[in-house]
Each structure stands twice: as structure tokens, then as C-alpha cells.
Amino acid sequence: MRVVRLSEHRPVRGGALRLLARFGLVGIAATILYAALVAILTKSERIGFTPIQASLAAYAAATLFSYLAHKSVTFVSGGPHQSEAPRFLVLAATGLAIAYGAPALLTVKLGLPLIVPVVVTCLLVPAVNFFVLDRWVFAESRLGRHGNRSA
């Protein structure tokens, strides 16, 4: 298996920093979208969602937005949705599992204060997401465009 370094497929001068900035902006936008949709869906008398229903619907919408924005803005991938979308959903499910598992393990089982799993989740999920999006979800298209091959 060939390991591809970030600098091998992106311009060194500011390229990685710009990539991280786009990644962060998409994440912030997805978070704002999620929060706004939860508020709208729970306050709308016509829709009548419970907070749990609103949260799930908003999470699904924010996940779709996040996929499309990371594909087109962050990683500028021309790869097929048939391979990238399922990979993205696996990653999103992994993030959700971390967000569930960290408090369950660290507070319920180990008795640590809630701030510990919150900080772990807030640091671990974006770091894992960035790495996996770059190296797995959108890697195939990027490597093909730059003439590199993964082994």
C-alpha cells in the first residue's frame, strides 16, 4: 500500500491551509444549518415535529449539505456519487457513533464529567472526518486527477 502525503497532491504553499479553511467553513455552515432547521421544525405548528424528529430531520439535511459541499467546495471531487456517497455515509455514521459512545463510555462507565466526552468528540470527530474524507471518501478522484495511483 502506497502512502500519499498531503504535499504530494496539493500545492505546498498555502494549499493545505486553504483546504483546512474550506473544511472548517463547510463544517460551520452545516452546524448552523442543523441548528436553524431544528429550531424551525420544532417551532412550526404546521409541521409539528417533536424535538427528536426535528433533530433527526435536521441532521439528515445537514449531512446531505455537508456531503455536497465537501465534494464540490472542500475537496473539489469529480468522482462518482455511487462510490463517494456511501463512503461519506459510513463516515457520518462513525461520527454519530463517537458522539454517542464517548459520553456513554467516559461519563456513564468511567464517571468523568460531561465536558470530557464533549471535548473528545469536538476534537476527534472533525480530525477523523478530515483525514478520512481526504484519504478515502474523495481520494480516488483526486489521485486520478493528479496522475498518482494508490496501491
Side-chain angles (χ1 to χ4, degrees), residues 1-44 46-47 49-106 116-151:
M1 181 164 122
R2 182 178 184 282
V3 176
V4 178
R5 291 188 173 89
L6 195 60
S7 62
E8 286 183 41
H9 52 78
R10 288 200 179 76
V12 175
R13 282 189 261 180
L17 189 57
R18 282 192 298 274
L19 181 67
L20 282 171
R22 290 191 309 261
F23 175 79
L25 289 173
V26 167
I28 290 167
T31 301
I32 291 169
L33 175 64
Y34 165 79
L37 286 175
V38 169
I40 291 166
L41 293 173
T42 54
K43 292 182 183 196
S44 171
R46 212 182 329 172
I47 298 173
F49 276 11
T50 67
I52 293 170
Q53 291 169 327
S55 181
L56 290 174
Y59 190 83
T63 299
L64 177 61
F65 167 82
S66 183
Y67 167 70
L68 294 172
H70 281 309
K71 180 174 177 59
S72 62
V73 175
T74 305
F75 296 96
V76 192
S77 174
H81 291 294
Q82 293 87 346
S83 63
E84 292 178 345
R87 291 176 183 179
F88 188 88
L89 290 175
V90 168
L91 180 60
T94 302
L96 191 57
I98 292 169
Y100 174 83
L105 173 66
L106 298 174
V116 174
V118 168
V119 169
V120 166
T121 301
C122 288
L123 295 175
L124 186 60
V125 170
V128 167
N129 283 352
F130 180 79
F131 181 79
V132 173
L133 287 170
D134 184 55
R135 302 305 169 110
W136 184 54
V137 175
F138 300 118
E140 200 174 296
S141 174
R142 182 197 64 242
L143 293 174
R145 280 197 312 272
H146 293 282
N148 297 329
R149 287 189 221 218
S150 59

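Owing to the predicted nature of the structure, the values given are computational and were not obtained by experimental measurement. The basis for the numbers below is simple: all heavy atoms, side chains too, and nothing from hydrogens, waters or symmetry mates.
- Nearest heavy-atom pair, Thr63 versus Ala92, reported as atom, atom and distance to 0.1 Å: CG2-CB, 4.1 Å.
- For the pair Phe23 and Asp134, the minimum side-chain heavy-atom distance is 4.5 Å or more.
- In this view, Tyr67 and His81, Phe88 satisfy the ring-ring contact (aromatic ring centres under 6.0 Å, His included) rule, not counting sequence neighbours.
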Determine, step by step, whether Phe75 and Val137 satisfy the side chain to side chain contact (heavy atoms under 4.5 Å, CB included) criterion, reporting the C-alpha distance in whole Å, the side-chain angles of both residues, the deciding distance to 0.1 Å, and the verdict.
CA-CA 10 Å; Phe75 296 96; Val137 175; over 6 Å; no
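- When the side-chain contact (heavy atoms from CB on, under 4.5 Å) test is applied to Leu17, no partner is found at least two apart in sequence or on another chain.
- Sequence neighbours left out, the pairs with a member in residues 64-76 that pass salt bridge (charged side-chain N to carboxylate O under 4.0 Å, His left out) are Lys71-Glu84.
- In terms of the side-chain contact (heavy atoms from CB on, under 4.5 Å) criterion, residue partners of Ala57 (sequence neighbours excluded) are, by chain and number, Leu41, Phe49.
- The side-chain contact (heavy atoms from CB on, under 4.5 Å) test applied to Ser72 returns no partner, not counting sequence neighbours.
- From Arg135, atom CZ reaches atom CG of Leu133 across 12.0 Å, with rounding to the nearest 0.5 Å.
- In terms of heavy atoms, Ile47 sits closest to Ser44 at N-OG, 3.2 Å.
- Of all the heavy atoms in Ala61 and Leu37, the pair that sits closest is CB-CD1, 3.5 Å.
- Across all non-hydrogen atoms, the minimal contact from Val76 to Val73 is CG2-O, 3.6 Å.
- Counting heavy atoms of neighbouring residues, nucleotides and ligands inside a 6.0 Å radius, atom CG of Leu123 exceeds 12 of them.
- A distance of 13.5 Å separates CD1 in Ile28 from CG in Leu33, rounded to the nearest 0.5 Å.
- Atom CZ of Phe65 sits about 9.5 Å away from atom OG1 of Thr31, to the nearest 0.5 Å.
- Applying the salt bridge (charged side-chain N to carboxylate O under 4.0 Å, His left out) definition to pairs two or more places apart or across chains, those involving residues 85-97 are Arg87-Glu140.
- With sequence neighbours excluded, the residues forming a side-chain contact (heavy atoms from CB on, under 4.5 Å) with Val125 are Ile98, Thr121, Asn129, listed by chain and number.
- Of the possible polar contacts, none joining the Ser66 side chain to the Ala62 backbone as a donor-acceptor pair under 3.5 Å is found.
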Just do the side chain to side chain contact (heavy atoms under 4.5 Å, CB included) check on Phe138 and Thr74 with the steps written out, would you?
CA-CA 10 Å; Phe138 300 118; Thr74 305; over 6 Å; no
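- The salt bridge (charged side-chain N to carboxylate O under 4.0 Å, His left out) contacts involving residues 89-103 comprise nothing, where partners must be two or more places apart or lie in separate chains.
- Annotation: ring-ring contact (aromatic ring centres under 6.0 Å, His included) contacts of Tyr34 (sequence neighbours excluded): none.
- Under the side chain to side chain donor-acceptor pair (under 3.5 Å) criterion, no residue pair touches residues 94-105, with sequence neighbours excluded.
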